[in-house]
Amino acid sequence: MQVWNEYLAANKQRFLDELLDLLRIPSVSADSKYKADVARCADAVKKSLLDAGCDNAEICPTAGHPIVYGEKMIDPKLPTVLVYGHYDVQPADPLELWHSGPFEPVIKDEKIYARGACDDKGQMFMHVKALEVMVKTNTLPCNVKFMIEGEEEVGSSNLGIFLEGNKEKLKADIVLVSDTSMISMEHPSLETGLRGLAYMEVEVVGPNRDLHSGVYGGAVANPINTLAKMIASLHDENNHITIPGFYDKVQDLTEAERAALNSAPFDLNEYQNELGIKEVHGEKGYTTLERTGTRPTLDVNGIWGGYIGEGAKTVLPSKANAKISMRLVPNQSSEEISALFQKHFESIAPAGVKVTVTPHHGGEPVVTPTDSVAYKAAAKAIQTAFGKDPIPTRGGGSIPIIALFERVLGLKTVLLGFGLDNDNIHSPNEKYDVFNYFKGIETIPYFHKYLAEMSN
Ligand code: BES
Ligand code: MN
Ligand code: MN
């Protein structure tokens, strides 16, 4: 719409500057050292909601980091959109690999570089600015509520409690989330599913103290050797996961579904080159898009033990640890898979060591409908802003809270993400293209407009 374009054009620089201000706040939820910064970021988000035209906005304390809630209600008869996003970010480590400070945002080659630029401050803030565009041009077509949390990157453990206790306040028709990716700006897409997650920590303990690796080596089980062997045994030669029962509930896609999934534009060579690898790797019998979008996985996220300082120390360590995550697909339950993992991992431990398995946070997989009014509104919004119909895809990442929106609030979600897979989220040099930021702000008002039009 003309008025939106004009308002956006007249305020472009400010919209960018405001995002950069938000990116300067190191709201790392995982590290308690940043607790005050996380709180400061929540305040900044609240203020931005009020400035954008929310009638009220508040900080909702939780047992962990606060949730920011805001709303602009114009007419109870109109549909209500609940926008969910997160203002917390992943730790920036390893710092030495950043070309500029993770919390000193810079714009280079039309890309915004900072931790959180894409995940999720940049994407979440598009909704704040889209609200401003609609409110200030008197064109808001529906009610909008915002729930922006500060614990997504640490598992959203307090958000479920917040949902349970605020069902009335959070009443809406649809949840709208921008925290996923598109194929590219030339091939706009909408993710229609997310994988679940089961995250475990394991410890293997051998002798009661670190030993001289010459005096005892060869006679006592080395916990690191043992852990490495146990981990290696979790995949077979076809890269299938060997945990008994792991695949029991996994549904195979129909040939038609597979064909549709694989018809999405994807260049294997470009993918490999961009990652600096000679060959992709994964479960035999599946394409790369199927492997990330439809198949469960098991990956070691970190492993430690023994001596890792400078030089060489001859030591047979007393213990070894690893963090292991499993991505889950529809019908798998994080609780069931965690239990299967624990039972299996304990069962393969040789007698010479003691193994402890501790489950961390989990989350359930989701599939979002493609035949709903809200999905159609999102598809039409993309068609209007990009001049192309979106391609439905399945995302490989996880947003555990999406399953809870359905279970606790009875609400479906639309995943209207504008990130790119190479935005380096969770990695050094995270970026978000300036183009994507403004394209998002341009697209979102159309979603609200079409949702309101199609709902009556
Ligand atoms: N925004 C991501 C999830 C994501 C990224 C979905 C790209 C689809 C495409 C989210 O912030 C995230 O990182 N989630 C975590 C899980 C969480 C429990 C820490 C993840 O997927 O590892
Ligand atoms: Mn995110
Ligand atoms: Mn993330």
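Computed from a predicted model, the values in this text were never measured in an experiment. These numbers come from the heavy atoms of this one structure, side chains and all, not from hydrogens, waters or symmetry mates. Both counts, for ligands and for their atoms, begin at 1 and track the order of listing.
Looking at Asp37 and Arg40, a side-chain N of the basic residue comes within less than 4.0 Å of a carboxylate O on the acidic one, giving a salt bridge. With respect to the salt-bridge test (charged N to carboxylate O, under 4.0 angstrom), the residues Asp21 and Arg24 qualify. A salt bridge does not link Glu283 with Arg291: none of the charged nitrogens is closer than 4.0 Å to a carboxylate oxygen.
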Within the protein, flag every N or O under 3.5 Å from an N or O of ligand 1, and note the pair and distance.
from, atom 1, to, atom 2, distance (Å)
ligand 1, 1 (N), Asp119, OD1, 3.3
ligand 1, 1 (N), Asp179, O, 2.9
ligand 1, 1 (N), Asp179, OD1, 2.8
ligand 1, 1 (N), Asp179, OD2, 3.1
ligand 1, 11 (O), His86, NE2, 3.2
ligand 1, 11 (O), Asp119, OD1, 3.0
ligand 1, 11 (O), Asp119, OD2, 3.3
ligand 1, 11 (O), Glu152, OE1, 2.7
ligand 1, 11 (O), Glu152, OE2, 3.4
ligand 1, 11 (O), Glu153, OE2, 3.2
ligand 1, 13 (O), Glu153, OE1, 3.3
ligand 1, 13 (O), His426, NE2, 2.8
ligand 1, 14 (N), Glu152, OE2, 3.4
ligand 1, 14 (N), Ser398, O, 2.8
ligand 1, 21 (O), Arg327, NH1, 2.8
ligand 1, 21 (O), Ser398, N, 3.0
ligand 1, 21 (O), Ser398, O, 3.3
ligand 1, 22 (O), Arg327, NH1, 3.4
ligand 1, 22 (O), Arg327, NH2, 2.7

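For Trp4 and Tyr446, the ring centers sit closer than 6.0 Å to each other.
For residues 328-343, the set of pairs meeting the salt bridge (Lys or Arg N to Asp or Glu O under 4.0 Å) definition, not counting sequence neighbours, comprises Lys249-Glu336.
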Report task. Could you check Asn238 against His240 for side chain to side chain donor-acceptor pair (under 3.5 Å), going step by step and ending with a plain yes or no? Result -> CA-CA 5 Å; Asn238 293 322; His240 285 293; 4.8 Å; no

Between side-chain atoms of residues 404-417 and protein atoms elsewhere (two or more places apart, or another chain), which donor-acceptor pairs fall under 3.5 Å?
from, atom 1, to, atom 2, distance (Å)
Glu406, OE2, Lys412, NZ, 2.8

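Listed for the Asp120 side chain is no donor-acceptor partner under 3.5 Å among the backbone atoms of Gly85.
In this structure, Lys439 forms no cation-pi arrangement with Phe418, as its terminal cationic atom is not both closer than 6.0 Å to the ring centre and no more than 45° off the ring axis.
Closer than 2.8 Å to the Mn ion (ligand 3) sit the protein N, O or S atoms Asp119 OD2, Glu153 OE1, Glu153 OE2, His426 NE2.
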